[in-house]
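Below is one structure, written out as structure tokens; comments come after it.
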Amino acid sequence: MTSYSDQQYRERVYEIVRQIPAGKVMTYGQIALILGEGYTARTVGYCMHSVDDGVPWQRVINSQGKISTDRLTLPHSLQQSILESEGVTFNDKGKCDLGMYQWHPKGHEPEPDGQTRLFG
DNA sequence: AACTTGACGAGGG
DNA sequence: CCCCTCGCCAAGT
């Protein structure tokens, strides 16, 4: 049974978000992928509309490296300024470099995928 | 029970 | 880079 109002369901999302250090971000889809079963980028986004205290909600953005909270409960300008204060920079198009700022939880680092191995 | 609505994402033009 | 279409899945009507 998975529903957005189910505290258990949302808590799994927050548990991951709480691991994101300042200066780093994660995407909705990335979180959904880690949680798997029952979670999609959309459902993760839905869980984020109201979070528990202590959850760094501002560190979750979309896969394009942009902020999705436009004209919603939270002014997207606020989210960007908070992230900038944490060290995340955005270009003139309102986009940040995910390759530079995306955080990967322990045990979920991206596959090295061989090649470019500096040492034999 | 059908239809619309999202803090989404990948793909194509 | 921007815009649109689909697929996604639970909520609200």
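Checking dA10(C), dC8(C), dA7(B) against every side-chain atom of Trp57(A), the shortest atom distance belongs to dA7(B). Nearest to the side chain of Thr40(A), among dC9(C), dA7(B), dG6(B), sits dC9(C). When distances run from any side-chain atom of Gln79(A) to the nucleotides dG9(B), dA11(C), dA7(B), the shortest one goes to dA7(B). Residue Lys95(A) has its side chain nearest to dC1(C) when only dC1(C), dA7(B), dA10(C) are considered. Each of dA10(C), dG9(B), dC1(C) was ranked by its minimum atom distance to the side chain of Tyr28(A); first place goes to dG9(B).
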Distances for protein N/O vs nucleotides 10-13 of chain B N/O pairs under 3.5 angstrom?
unit_1  : atom_1 : unit_2   : atom_2 : d
dA10(B) : OP2    : Ser63(A) : OG     : 3.4

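Between the CG atom of Asn62(A) and the C1' atom of dC3(C) there is a distance of 15 Å, rounded to whole Å. The distance from atom CG of Leu35(A) to atom C1' of dC9(C) is 14 Å, rounded to the nearest whole Å. Straight-line distance from the NE2 atom of His49(A) to the P atom of dA11(C): 10 Å, rounded to whole Å. Between the OH atom of Tyr46(A) and the P atom of dA10(C) there is a distance of 12 Å, rounded to whole Å. Rounded to an integer number of Å, the gap from Leu83(A) CG to dA7(B) P is 18 Å. Rounded to whole Å, atom P of dC4(C) lies 14 Å from atom CD of Gln64(A). Rounded to whole Å, the distance from OH on Tyr14(A) to C1' on dA7(B) is 12 Å. The CD1-P distance, from Ile31(A) to dA7(B), rounds to 15 Å in whole Å.
The distance from atom SG of Cys96(A) to atom CG of Leu83(A), rounded to the nearest 0.5 Å, is 7.5 Å. Here the OG atom belonging to Ser81(A) is positioned 5.0 Å from the CG atom belonging to Leu78(A), to the nearest 0.5 angstrom.
The closest donor-acceptor contact from the side chain of Glu37(A) to the backbone of Leu35(A) lies at 3.5 Å or more, if one exists at all.
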N/O donor to acceptor pairs below 3.5 angstrom from side-chain atoms of residues 22-32 of chain A, sequence neighbours left out:
unit_1   : atom_1 : unit_2    : atom_2 : d
Lys24(A) : NZ     : Met100(A) : O      : 3.1
Thr27(A) : OG1    : Gln30(A)  : N      : 3.0
Tyr28(A) : OH     : Val60(A)  : O      : 3.4
Gln30(A) : OE1    : Thr27(A)  : N      : 3.3
Gln30(A) : OE1    : Gln102(A) : NE2    : 2.7
Gln30(A) : NE2    : Trp103(A) : O      : 2.8
Gln30(A) : NE2    : His104(A) : ND1    : 3.4

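Counting heavy-atom neighbours within 6.0 Å of Asp92(A) CG, excluding the residue itself, gives a total above 12.
Salt-bridge annotation for Glu15(A) and Arg10(A): absent, with no side-chain N of the basic residue lying under 4.0 Å from a carboxylate O of the acidic one.
For Lys66(A) and dC2(C), the shortest distance from a side-chain N or O to OP1 or OP2 is below 4.0 Å.
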### Message
Wobble G-U and Watson-Crick pairs count when both distances are under 3.5 Å; given that, what is the 5' to 3' dot-bracket string of DNA chain C, with | for pairing to other strands?
### Response
.||||||.|||||
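Between Tyr9(A) and the choices Tyr39(A), Tyr46(A), Tyr14(A), the ring-ring contact (aromatic ring centres under 6.0 Å, His included) rule is met once, by Tyr39(A).
Using modelled atom types and a 3.5 Å distance limit, the side chains of Glu86(A) and Gln58(A) yield a donor-acceptor pair.
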